[in-house]
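Have a look at the structure below, then the notes.
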Amino acid sequence: MAGQIPQRFIDDLLSRVDVVEVVGERVQLKKSGRNYSGLCPFHQEKSPSFTVSADKQFYHCFGCGAHGSALRFLMEYDKLPFPEAVEQLASRLGIEVPREGADDPRAREREKKRDQGVNLLELASRFYRERMAMQEGQAAQAYLEQRGLSPDVVKTYGVGYAPAGWDALKKHLSERGVSEAVQIEYGLLIHHEDSGRTYDRFRDRVMFPIRDLRGRTIAFGGRVLGDAKPKYLNSPETPVFHKGRELYGLYEARQAPEKLEQLVLVEGYMDVVALAQFGIRNAVATLGTATTEDHLRRLFRMVSRVVFCFDGDRAGRQAASRALETVMPQMIDGREARFLFLPEGDDPDDLVRREGAQAFRDRVTCAMPLSEFLFEQAAQGRDLNGVEGRERFASQVLAALSKVPEGMLRSLLFEELSRRSGLKEAQLNILLKQQESRRLPAVSQQASSVAPEGEPATSSAAPLPGARRQGVLSSIERVIQLLLHEPTLIDVVGESLEWLPDDDEGSLCRELIVLLQAGRFRSPQVVLAHFQGSTQGQWLTSLAQQELLIPREARKAEVEGIIDHLKQAQRKRSPEQEYAALIDQERAGEKLNGEQRQRLAQLIRELTQR
């Protein structure tokens, strides 16, 4: 989507939706005086402590403290990112969600192009479903029946059939005015460079549409019916599809009637639909890639527990090792990862048909915890009775622990490593710090100082793109560092952020402040997890690891002092600089507020009278 959602629209939206109606669709509520009550969906309880107020339009749990509006409830209960929660509320009222900067021609063009691409792929998906029902799709129907898939499951997942001819889809789309160039761009046609010929990418295949979280088709996976290679074929990267971010079956898992508490990550789309046939609707699959950090961030936004399902052979263990390495930085407190290894030669499809749904669920329940897999893998092939074996075992586990965010899990893993290796925790701490110091850039002794105004601001943290600082922290970096160490300091920042500069530092600081002011990020670990895997995340992590050399009681005053200092510096700008900054803001598609527009008019009068 182009631009941010205006706050005034969000306020208006919340004034028009009924929180009782939104919550009541997901939680059984009873009238209790002026309010409604029920069992809290966010923690286990036997007597109701969860209240929804129709008058005040908020919910509150006296047991766990969960609290918020209809928007917050959708984000927490349905595990929706903020923009999608807004979209869902707006769709209830049948209204479009506006975007700031929507008048930017380039943004409008990007959005139009994306919509056209999604519409094209939906048209192709409909074509494949129609062909499945025709005479030419009988072989595909027979294949699906032989695999035990019912018409209901086939319909739920939108399974279709790509005809065997070279240009069936190409003709169908061309007749509807879709150019070959666009069909190539969205992965439906292949262009042969030598001959200049174009032909359908998917031919004689059972087709599985890959959908985004809104249920729109963004790509396809195809399973060949004959002996052609490859057996499985996915869409290439396109303007709307990125393999490293998307997961097959995630949309369908969220539509299942059961509450989504965990997700099982399997290897292929046939595994997903086969499990769904047996009532296991919480399986998803990657699309020809290893599990990425983007995949995990998306999964953990929706559930607190992810179960990785792998074959029990050597290749499956190697894939599990890579998944373990990827998941470690995501393991903030409250998240759980487990590893399920199937009997060698079996996949979930085979196993669930042979053993049944309950047996498969039991295997998922008994899946190996992350901690056990970590220690088992590190111990493999090593004699833990010998000094050298224990040293290599401890070194491998420490290397993994250095990637885990600070928190309860890291502490417990540390204690368990001490018990298993025979090394004292103090010794392990020293070794861990040595590993981390080799992995992170050296931190200057003066890192907590604030650069005087007018002198070059430098930082030992990993720089943002374009920055080349080393040494002393700038004023903005110092504010970021204080907020990372103590997120509750956000209460002293205030509403206006005009004191922030229009550069990379200022943009990151603004994003951090908005997150903290939203009220969902009150611990450093959760904040850092939000930025995990990005350049900004590396930079923030480095800042967070630097020790604050001032007492806790003085930190509030320091934040206030820095912000006042920056506000004064802003006021000292020349009228020309101030005018240029406001014009640049408008050109960038950011709307000026009333105060800024008034100031711009005043500056124009001042400058024209000179």
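Values below: every heavy atom of this structure, side chains too, minus hydrogens, waters and symmetry copies. Start at 1 with the first residue, then count along the sequence.
With contacts defined as side-chain heavy-atom distances shorter than 4.5 Å, the pair M328/L370 qualifies. The closest side-chain heavy-atom distance from L540 to L508 is below 4.5 Å. Two residues are said to be in side-chain contact when any heavy atoms from C-beta on lie closer than 4.5 Å; L374 and L324 meet this criterion. Residues V272 and Y157 form a side-chain contact, since some pair of their non-hydrogen atoms from C-beta on lies under 4.5 Å apart. At least one side-chain heavy atom of S69 sits under 4.5 Å from a side-chain heavy atom of R72. Side-chain contact between F308 and L340: absent, with no pair of heavy atoms (C-beta onward) separated by less than 4.5 Å. When side chains are defined from C-beta on, T292 does not count as touching T326, because their heavy atoms never get closer than 4.5 Å.
For the side chain to side chain contact (heavy atoms under 4.5 Å, CB included) test with V97, the passing option among I10, L89, V86 is V86; the others fail. A side chain to side chain contact (heavy atoms under 4.5 Å, CB included) with Q277 is found for exactly one of V352, V153, D152, namely V153.
A donor-acceptor pair under 3.5 Å is formed between the side chain of E477 and the backbone N or O of S474. For the pair S125 (side chain) and L121 (backbone), a donor-acceptor distance under 3.5 Å is absent.
No hydrogens or angles considered: nothing links the side chains of H295 and E293 as a donor-acceptor pair under 3.5 Å. Neither side chain, N282 nor E261, offers a donor N or O lying under 3.5 Å from an acceptor on the other.
By the 4.0 Å N-to-carboxylate-O rule, E246 lies too far from R211 to be salt-bridged with it. Ion pairing between E416 and R419 holds under the 4.0 Å rule for side-chain N and carboxylate O. A salt bridge links R297 with D294: the closest approach of a Lys/Arg side-chain nitrogen to an acidic carboxylate oxygen falls below 4.0 angstrom. A salt bridge is defined here as a Lys NZ or Arg NE, NH1 or NH2 lying under 4.0 Å from an Asp or Glu carboxylate O, and E486 with K556 fails to meet this definition.
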Derivation and outcome, side chain to side chain contact (heavy atoms under 4.5 Å, CB included), residues F50 and V23: CA-CA 11 Å; F50 183 75; V23 175; 3.7 Å; yes
Derivation of the side chain to side chain contact (heavy atoms under 4.5 Å, CB included) call for I210 and L287: CA-CA 9 Å; I210 299 161; L287 297 157; 3.6 Å; yes
Full working for side chain to side chain contact (heavy atoms under 4.5 Å, CB included) between F208 and V273: CA-CA 10 Å; F208 299 84; V273 294; 4.2 Å; yes
Residues L512, V479; criterion side chain to side chain contact (heavy atoms under 4.5 Å, CB included); working and verdict: CA-CA 10 Å; L512 176 62; V479 171; over 6 Å; no
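Atom CZ of R305 is separated from atom CD of E336 by 5.0 Å, given to the nearest 0.5 angstrom. Taking CZ of R510 as the start and OG of S507 as the end, the distance is 6.0 Å to the nearest 0.5 Å. Here the straight-line distance linking atom CZ of R410 with atom CD1 of I332 works out to 14.5 Å at 0.5 Å rounding. In this structure, the separation between CG on L299 and CG on L265 is 6.5 Å, given to the nearest 0.5 Å. Note that CH2 of W539 is 4.5 Å distant from CD of E505, once rounded to the nearest 0.5 Å. We find the CD-CD1 distance between E558 and I562 to be 4.5 Å, quoted to the nearest 0.5 Å.
Residue A544 comes nearest to H485 through the heavy atom pair O-NE2, 3.0 Å, listed as atom of the first residue, atom of the second, then distance. The two residues H242 and R245 make their nearest non-hydrogen contact at CD2-NH2, 2.8 Å. Contact detail for V27 and P41: the closest heavy-atom pair is CG2-CG, 3.7 Å. What you find for T286 and T289 is that their closest heavy atoms are OG1-O, 3.1 Å.
Outside the 6.0 Å centre-distance limit, the rings of H60 and F58 are not counted as a close aromatic pair.
Relative ring orientation between H67 and Y59 is described as tilted, the plane-to-plane angle lying within the 30° to 60° band.
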